[in-house]
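Note on naming: letters A, B, ... go to the chains in the order of the sequence lines (proteins, then strands), and numbering restarts at 1 for each one.
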Protein chains: 2
Amino acid sequence: MTVTDAETPRRLPPFPEELVASTAFLLKRLGFVAKEQAFDAYESAGLGPYHHAVLIALGENSHETQGAVADALGYDRGQMVGLLDELEEQGLVERKRDPSDRRRHIVKLTPEGKRMLVRLRALSKRIEDEFLAPLDEEERGQLHALLLRLAEHHLPRRGPLVLPPARR
Amino acid sequence: MTVTDAETPRRLPPFPEELVASTAFLLKRLGFVAKEQAFDAYESAGLGPYHHAVLIALGENSHETQGAVADALGYDRGQMVGLLDELEEQGLVERKRDPSDRRRHIVKLTPEGKRMLVRLRALSKRIEDEFLAPLDEEERGQLHALLLRLAEHHLPRRGPLVLPPARR
DNA sequence: TATTGTTATACTCTATAACTATA
DNA sequence: TATAGTTATAGAGTATAACAATA
């Protein structure tokens with residue numbers, strides 16, 4: 001949420017070699033700047049990457065309940081309330097009670113939400129292309145495959161993480 | 001700083017495919033869990049990854065000034081004060097005024113600090129090996145090289161990030 | 001006036017736990 | 001009694017700015 005270096009007044013000294021030699025260090029730092037860049041970019045849409053993730057989840061599997069979306073994304077259910085409030089304010093989703101279990105909220109994308117999803121998908125692609133710019137297509141594929149392997153072990157889910165169908 | 005899933009009561013549904021297809025998403029999530037795992041593991045030493053990074057910086061280039069260490073690691077100078085306070089309490093570093101510029105503090109590793117550095121290096125290697133366990137040696141090298149390429153663009157420094165000398 | 005290190009403040013995130021309404 | 005969603009509170013983490021000493 002902070003610009004890391006865009007307006008840094010002077011060049012910084014190099015990182016200690018021992019840190020640069022650590023894959024985990026690079027992963028942590030790069031994940032952090034990717035997050036920062038994403039937040040900055042989404043700001044123009046009045047949303048954040050979390051909102052986008054919620055819209056994606058709702059787009060892939062409709063008629064979701066609020067808690068199911070939270071679980072699908074690994075979010076806390078308390079967080080989810082605020083995210084959905086904001087999405088609802090902008091008319092991107094609608095919540096209604098599940099008649100068969102009145103404790104539950106069924107959440108659905110509105111037409112505006114679907115349009116926003118298209119817009120955010122383009123935005124997200126632009127951010128990612130920019131971030132991966134140093135790598136050619138083959139290298140991007142390699143990186144994705146390697147990270148996916150790690151994700152299968154460290155982001156455990158019900159099934160194995162599916163391989164993405166030919167990207168876009 | 002939180003156990004992501006160790007005690008999660010039930011298996012979670014899979015992530016939306018569109019997210020899994022995003023390299024940036026995987027990078028952000030994996031960076032996050034790597035950070036969590038590191039914090040948990042360092043806890044036993046009464047320190048954190050940040051303290052380790054400070055010790056590394058001091059170990060590679062002695063006679064550093066406080067601000068120089070902060071810059072070398074990309075930390076805020078205000079943060080650095082607290083980190084050094086904690087390291088000093090444990091007798092791992094010592095601060096003394098620079099006689100030639102009495103505003104500055106020269107920070108040096110103590111012998112205990114050097115021993116702790118050895119210990120943390122082993123700890124860090126163990127964490128990283130565990131994290132990269134799904135990948136064989138060649139794949140780890142590929143991943144490191146790819147992340148390094150991204151780091152050169154997104155973690156800008158004075159010079160190009162050096163290639164690590166034959167790891168360990 | 002600018003800079004180093006320090007301290008204080010405020011702001012964001014997140015984690016926890018109460019609370020309601022339903023079951 | 002347990003669960004879905006909500007709300008409130010507290011804590012950690014971080015960013016900002018004021019501050020004292022020195023240049």
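Every side chain to side chain donor-acceptor pair (under 3.5 Å) that A:Tyr42 has, sequence neighbours left out, goes to A:His52. With sequence neighbours excluded, the residues that form a ring pair (Phe, Tyr, Trp, His ring centres under 6.0 Å) with B:Tyr75 are B:Tyr50. Applying the side chain to side chain donor-acceptor pair (under 3.5 Å) test to A:Glu86 and every residue at least two apart in sequence or in another chain returns A:His51. Contacts of B:Arg102 classified as side chain to side chain donor-acceptor pair (under 3.5 Å), with partners at least two apart in sequence or in another chain: none.
Contact of the A:Thr23 side chain with the B:Phe131 side chain is not registered, since no non-hydrogen atoms from C-beta on lie closer than 4.5 Å. Using a 4.5 Å heavy-atom threshold, the side chains of B:Glu152 and A:Pro134 count as separate.
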What pairs of nitrogen or oxygen atoms, one from the protein and one from nucleotides 3-10 of chain C, lie under 3.5 Å apart?
| unit_1 | atom_1 | unit_2 | atom_2 | d |
| --- | --- | --- | --- | --- |
| C:dT3 | O4' | B:Arg103 | NH1 | 3.3 |
| C:dT3 | O2 | B:Arg103 | NH1 | 3.0 |
| C:dT4 | OP2 | B:Arg77 | NH1 | 3.4 |
| C:dG5 | OP1 | B:Thr65 | OG1 | 2.7 |
| C:dG5 | OP1 | B:Gln66 | N | 3.1 |
| C:dG5 | OP1 | B:His105 | N | 3.2 |
| C:dG5 | OP2 | B:Gly67 | N | 2.8 |
| C:dG5 | O3' | B:His105 | ND1 | 3.3 |
| C:dT6 | OP1 | B:His105 | ND1 | 3.4 |
| C:dT6 | OP2 | B:Gln66 | OE1 | 3.4 |
| C:dT6 | OP2 | B:Gln66 | NE2 | 2.4 |
| C:dT6 | OP2 | B:Arg95 | NH1 | 3.0 |

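Distance CG (A:Asp98) to P (C:dA21): 18 Å, rounded to an integer number of Å. In this structure, A:Lys35 places its NZ atom 14 Å from P of D:dG13, rounding to the nearest Å. Spacing between atom CG of B:Asp76 and atom P of D:dA17 amounts to 12 Å, rounded to whole angstrom units. Atom NZ of A:Lys96 and atom P of D:dG5 are 15 Å apart (whole Å). Atoms CZ (A:Arg102) and C1' (C:dT20) sit 13 Å apart, rounded to a whole Å. Taking atom CG on A:Asp40 and atom P on C:dT12, their separation rounds to 15 Å, with Å as the unit. Atom pair A:Glu88:CD and D:dG5:C1' shows a separation of 13 Å (rounding to whole Å applied).
Look at B:Gln79 and you'll find a side-chain N or O under 4.0 angstrom from OP1 or OP2 of D:dA15.
Listed in residue order, the members of residues 46-57 of chain B having a heavy atom less than 4.0 Å from DNA chain D are B:Tyr50.
Aromatic ring centroids of A:Phe25 and A:Phe15 lie under 6.0 Å apart.
Tested against A:Glu88 for a salt bridge (Lys or Arg N to Asp or Glu O under 4.0 Å), the candidates A:Arg95, A:Lys96, A:Lys108 yield a single pass: A:Arg95.
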Subject >> Audit row: A:Arg149, B:Asp136, salt bridge (Lys or Arg N to Asp or Glu O under 4.0 Å) steps and yes/no >> reply: CA-CA 11 Å; A:Arg149 298 265 303 284; B:Asp136 65 30; over 6 Å; no
